[in-house]
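Encoded as C-alpha cells, here's the structure I'll be asking about.
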Amino acid sequence: MSKDFKRYLITAALPYANGPKHIGHLAGAYIPSDVYVRYLRSLDKDVVFVCGSDEHGTAIPNQALKENTTSQAIIDKYDAQIRDCFKKLGMSFDIYHRTSEQIHHETSQEIFLNLYNKGLLTEEVSEQYFDDKANVFLADRYIVGTCPKCANPNAYGDQCERCGSTLSPRELINPRSTLTGNSPVLKETKHWYLPLQNYEGWLSDWILKSHKDDWKVNVYGQCKSWIDAGLQPRAMTRDLDWGIKVPLPNAEGKVLYVWFDAPIGYISATRALFKEMAEGKQKFSTPQREFKNITAADWKPYWQDKETKLIHFVGKDNIVFHCIIFPIILHAAGDYILPDNVPANEFMNLEGDKMSTSRGWSIEMHEYLEDFPGKPDVLRYALLTNLPETKDSEFTWRDFQSKNNNELVAIFGNFMNRALVLTQKYFENKVPNRGILHQVDNDLVNQLGETQAFLGMALDGYRFREATAHMMQIARLGNKYLAETEPWKLAKTDMERVGTILNLSLQIIARLSVIVEPFLPFTAQKLRKQINIDSLSWSSADSVNLLRPNHLLSEPSLLFEKIEDDVINAQIKKLTDSKKEMELANQPVIPAKAEISFDDFSKMDIRVGTILSAERVEKSKKLLKLNVDTGIDHRTVMSGIAEHFSPEQIIGKQVSILINLAPRKIMGVESQGMILMAEDKDGTLRLLQPNEIVSAGSTVS
RNA sequence: GGCGCGGUAGCUCAGGUGGUUAGAGCGUUGGAUUCAUAACCCAAAGGUCGGGGGUUCAACUCCCCCCCGCGCUACCA
C-alpha cells in the first residue's frame with residue numbers, strides 16, 4: 001500500500017474534440033478513473049477529478065475543412081457531444097473544462113513564458129514544407145509523395161505504409177499536400193524547442209529508479225524504451241492559425257504545440273474549478289462533494305503541495321506525453337508536483353479488429369446511449385470486466401449480452417429481487433428482526449467483510465477488473481446464502497429464523513448499495529431507493545447493521561432486464577454496415593483524365609448487346625468467356641468479371657459493349673470487344689445497362 | 001528495421017521473486033431446487049501454458065532463436 005496522502009488530484013485524458021469518442025476511450029481512461037474517484041470519495045478523501053475537451057492542434061482545422069465548417073464550430077459540436085455522453089455515462093468530474101477557454105490560454109502562456117524566461121527553451125530555424133494554396137505549413141502526415149525506397153506513390157511524410165520505412169518529408173519524390181493536392185514549397189520557419197535530453201538523468205532517476213516497482217510494466221517499459229533511446233529536443237510551437245498564441249514578440253502565426261498545452265489543461269481545469277466555486281458560478285464545474293470556504297487560489301495545493309497524490313488515467317498512446325514530456329515541463333517550470341502514477345491501459349479491440357472511428361469499426365458513446373437508453377451501467381460493467389489492463393482486450397456484442405443476462409440480471413438483479421420479494425411476502429416489506437446467528441450466518445458475515453477488503457485492495461492497486469469481480473462476488477454470496485438457508489421452506493415452521501435470514505440478506509443489499517456505487521452508480525442509486533436509505537461511506541458499509549428492524553422498503557422492481565438476441569444481432573449488423581459505408585467514403589475519388597476531343601470520343605463504337613452465353617475459363621479466377629449478340633454479329637468476348645458474376649447471373653442481360661476495340665488474345669481465346677462496367681469504390685462491378693430494354697445493336701453516344 | 005508489451009481451457013481473462021494435482025467468469029454436461037427475470041445453488045469434463053533449444057533436482061515462470069498480434073519510433077492529438 002502506498003502512503004497516506006492528504007489530498008488527491010485525478011485526471012482523465014482530455015478527449016480530442018475532433019470527432020465522437022468510442023467505448024475504447026471509455027475503457028482506456030474514463031471508466032477506470034471514474035471508478036477510482038468514486039471510491040476515493042466514498043472513503044471521504046479530499047479528491048478533485050478534472051477533465052475537459054482538448055481543442056487545439058492541426059486535426060481540428062482539418063476536420064473543419066472536411067465538414068466544410070469552422071474550427072470553432074467543430075470544437076463546439078464535439079465538446080457538447082462528448083460532454084453530454086460523459087454525463088449520461090455517470091462520469092463524475094468535478095469539472096469538465098475546455099482548452100479553448102481564456103483561463104487555459106493564460107495558464108499555458110504563463111508556463112511557456114516561465115520556461116522561456118529561464119532560458120530553458122532553444123530557438124531553431126528550419127525549412128519545412130508549406131502549402132501556398134492553403135497557406136499553411138504542413139505536418140508530416142499531411143504530405144504524401146513517392147517513397148524513395150519502394151516507389152509507393154502514396155507514402156506519407158513520416159512513413160511509407162507499403163514498405164514500412166521511416167521517412168522525412170524531404171525524402172519524398174514529388175511531394176504533394178493532402179489538403180489541396182498542391183506541390184508544397186520549402187520555407188524557413190522558427191520554432192522554440194524544449195531540450196528534453198537535458199532532463200534525461202533526472203527522468204531516469206524519477207521513473208527508472210523510483211517507480212520501478214509501483215508503475216505498471218507496460219508503462220514502465222514504454223518509458224524505459226524512450227529514455228534508453230535518448231531524448232531529443234522537441235518543438236513546443238507550431239505554424240498554425242488555430243491554437244494558443246506564442247506569447248512572444250515576432251511570433252506571428254505561431255501557436256503552442258498541442259501536446260504542450262493539452263496536459264496543462266489539467267491545471268487550467270483545476271484553476272477554473274476553484275475560481276467558479278469561489279465566485280459561486282457553475283459554468284463548467286459540477287463539484288461532486290462539499291468544498292468549504294473556497295477561494296480562487298485554493299487550486300494551488302492540488303498541484304504544488306507534495307502531500308497531494310496526482311494520478312493520470314490515460315490510454316497507452318498517451319504514455320510518453322504523461323510520463324516524459326509533461327513531467328519534464330512541470331519539473332522545468334518548478335513548483336509543481338509530479339504524477340504518483342500513470343496507470344495507462346492498453347487498447348480494447350472490437351469483434352476481432354481494432355477500433356477506429358474513421359474506419360467505421362467502433363461503438364461510439366453517443367450511439368450506444370441512443371441504442372441502449374437507461375443502460376449506462378451495463379456498458380460500464382461490460383467494460384470493467386474486460387478492461388485492457390495488462391494487454392489489449394476484446395469487446396464482443398455476445399460477451400456484452402452474456403455479461404448483462406448471466407451476471408447483472410441472473411446474479412446481481414436476481415439476488416436483490418429474491419430478497420425483496422421474500423421480505424414483501426413474509427414481512428410486509430419491512431426489515432424483520434434478527435435473532436441468534438448460526439454458523440452459516442457468521443460465515444456469511446466473515447466472507448462479506450473479507451470480500452469487501454479484497455475489493456478495496458484491488459482498487460488501491462488500480463486492478464479494476466479484479467475489483468469488479470469481487471463486487472459481483474458479494475451478490476454471489478447472497479445467492480448462495482439463500483440457497484443454503486432456504487427461507488421459503490422455513491417459512492412454514494420457523495418464521496423467526498426466516499426473519500434473521502432475510503434481515504442479513506437485506507443487509508447485503510444495503511452493503512451493495514455502497515460497494516457498487518463506484519462501478520455502477522446508477523444502479524447504486526436504484527438500490528438505495530429500493531431500500532430507502534441515503535448513501536453511506538465505504539467503511540460504514542462493512543457492517544450488517546445498516547438497516548434497522550421495521551425499516552420500510554419500497555415495492556420491489558427489477559434492476560436489469562434481459563437483452564435479447566435480435567438486439568445483439570442488430571448491433572453486429574450495424575457494425576459491419578458502418579464499416580462498409582466508411583470504406584466506401586474513405587476511398588479517394590479517382591481524378592479526372594486528360595481532356596479529349598469529340599473526334600476522340602466518336603471513334604468509339606459502343607452498342608447495346610445481349611449476353612447469349614457465359615462460361616468460366618479454366619485456370620482463370622477472373623475471366624468469363626461470353627458470347628454476345630451485338631445486333632451485327634455474335635461474337636466472343638473475354639471479360640474479367642468472374643469474381644463478381646456467375647455465368648447464370650448474366651446470361652440474357654443487356655450490356656454495353658465497345659465493339660471496335662482491336663481484338664486481343666486472352667488465355668488463348670480471341671476477345672472481340674469489351675463489356676463496359678461501373679466499378680464502385682469498393683471494387684464491386686455493375687453492368688452498364690439501358691434503363692429499359694432496347695433492341696440489340698442500339699448505339700450508345 | 002529498432003525498441004516495448006503480449007501469445008495460458010470453446011470464449012474473455014488471472015497467474016510477485018521458478019517448486020506438490022496450472023486458476024476465475026462465461027459457455028458445455030450432470031445433479032439439486034422452486035423464493036426469484038427458466039434465474040439461483042452444487043459438481044464434473046475441458047489446457048503437452050505460440051513453436052524449438054538451453055540453464056536447473058525442478059520452468060507457464062529465467063536465458064537464446066523463430067513465428068504471430070498490438071504499440072511506440074519523438075511535427076500522428
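Note that the coordinates shown come from a computational prediction; the quantities given were computed from them, not determined experimentally. Scope of the values below: all heavy atoms of this structure, side chains included, with no hydrogens, waters or symmetry mates. Here is the naming used below: chain letters follow the sequence lines, and residue numbers restart at 1 for every chain.
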Any-strand Watson-Crick or G-U partner of B/G71, both distances under 3.5 Å: B/C3
Strand partner of B/U12, provided both Watson-Crick or wobble distances fall under 3.5 Å: B/A24
Nearest-Å distance once atom P is located in both B/C5 and B/A43: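 These two P atoms come out 40 Å apart once rounded.
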Nearest-0.5 Å distance that lies between atom OG1 in A/Thr58 and atom CH2 in A/Trp242: 13.0 Å
Salt bridge flag under 4.0 Å for residues A/Arg497 and A/Asp441: yes
Closest nucleotide among B/A14, B/G4, B/C42 to the A/Lys480 side chain: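 Minimum distance to the A/Lys480 side chain belongs to B/C42.
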Rounded distance (Å) that lies between atom C1' of B/C76 and atom OH of A/Tyr16: 10 Å
C1' spacing across the pair B/G50 / B/C70, given as an integer number of angstrom: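 Straight-line distance between the two C1' atoms is 15 Å.
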Minimum-distance nucleotide to A/Phe347 side chain [options: B/U37, B/G25, B/G71]: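 The closest nucleotide is B/G71.
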Side chain of A/Val217 (C-beta onward), nearest among B/U34, B/G6, B/A39: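 From the listed options, B/G6 comes nearest.
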Proximal nucleotide (of B/C5, B/U37, B/C75) relative to the A/Arg238 side chain: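 My answer, after comparing the listed nucleotides, is B/C75.
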Ring centre gap for A/Phe372 and A/Trp397 strictly below 6.0 Å: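 Yes: the rings meet the under 6.0 Å criterion.
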Nearest to side-chain heavy atoms of A/Arg465, which nucleotide of B/C75, B/C13, B/C41: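 Looking only at heavy atoms from C-beta outward on A/Arg465, the closest nucleotide is B/C13.
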Touch class at under 4.0 angstrom, heavy-atom based, for A/Asp392 against every strand present: sugar-phosphate
Nearest-nucleotide 5' precedence on RNA chain B, A/Lys354 against A/Ala483: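 In this pair, the answer is A/Ala483.
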Spacing of the C1' atoms in B/C60 and B/U8 (rounded, Å): 7 Å
Sugar-phosphate, base or nothing in reach of A/Glu394, heavy atoms under 4.0 Å: sugar-phosphate
B/A14 OP1/OP2 closer than 4.0 Å to side-chain N/O of A/Lys391: yes
Distance, rounded to the nearest Å, where A/Leu482 contributes CG and B/C35 contributes P: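 Whole-Å distance recorded here is 13 Å.
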A/Leu14 vs A/Asn479, nearer the 5' end of RNA chain B by closest nucleotide: A/Asn479
Cation-pi, A/Tyr96 ring and A/Arg83 (6.0 angstrom, 45 degrees):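 No.
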Electrostatic pair A/Asp377:A/Lys526 at N-O distance under 4.0 angstrom: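 Here A/Asp377 does not pair with A/Lys526 in a salt bridge, since their nearest N and O are not under 4.0 Å apart.
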Out of B/A39, B/A14, B/G71, whichever nucleotide has its closest atom nearest the side chain of A/Lys562: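 When the side chain of A/Lys562 is considered, B/A39 is the closest of B/A39, B/A14, B/G71.
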Whole angstrom value for the distance that separates C1' of B/C72 from CD of A/Gln232: 15 Å
Under-4.0 Å side-chain N/O to phosphate OP1/OP2 contact, A/Arg476 with B/A24: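 For B/A24, neither OP1 nor OP2 has a side-chain N or O of A/Arg476 closer than 4.0 Å.
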Salt-bridge contact A/Asp353-A/Arg359 (side-chain N to carboxylate O under 4.0 Å): yes
Euclidean distance for C1', B/G15 against B/A24 (whole angstrom):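 Result for the C1' pair: 10 Å, nearest Å.
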Pairwise C1' distance, B/A59 and B/C49 [rounded to whole Å]: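 Nearest-Å result for B/C49 against B/A59 at atom C1': 11 Å.
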Gap in Å between the two P atoms, one belonging to B/C40 and one to B/C3, rounded: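 That atom pair is separated by 50 Å.
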Chi class for B/G71: syn within 90° of 0, otherwise anti: anti
Short N-O contact, A/Asp239 and A/Lys187, less than 4.0 angstrom: no
Nucleotide of B/C70, B/C72, B/U12 approaching A/Asp317 most closely (side-chain heavy atoms): B/C72
Contact list for RNA chain B against residues 400-425 of chain A - heavy-atom distance below 4.0 Å: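 Only A/Ser402, A/Asn406, A/Glu407, A/Val409, A/Ala410, A/Asn414, A/Asn417, A/Arg418, A/Val421, A/Leu422, A/Lys425 qualify.
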A/Trp488 side-chain proximity, nearest of B/C41, B/C13, B/C35: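 Between B/C41, B/C13, B/C35, the one nearest the side chain of A/Trp488 would be B/C35.
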Check: A/Phe321 ring centre within less than 6.0 Å of A/Phe326 ring centre: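 Centroid distance A/Phe321-A/Phe326: not below 6.0 Å, so no.
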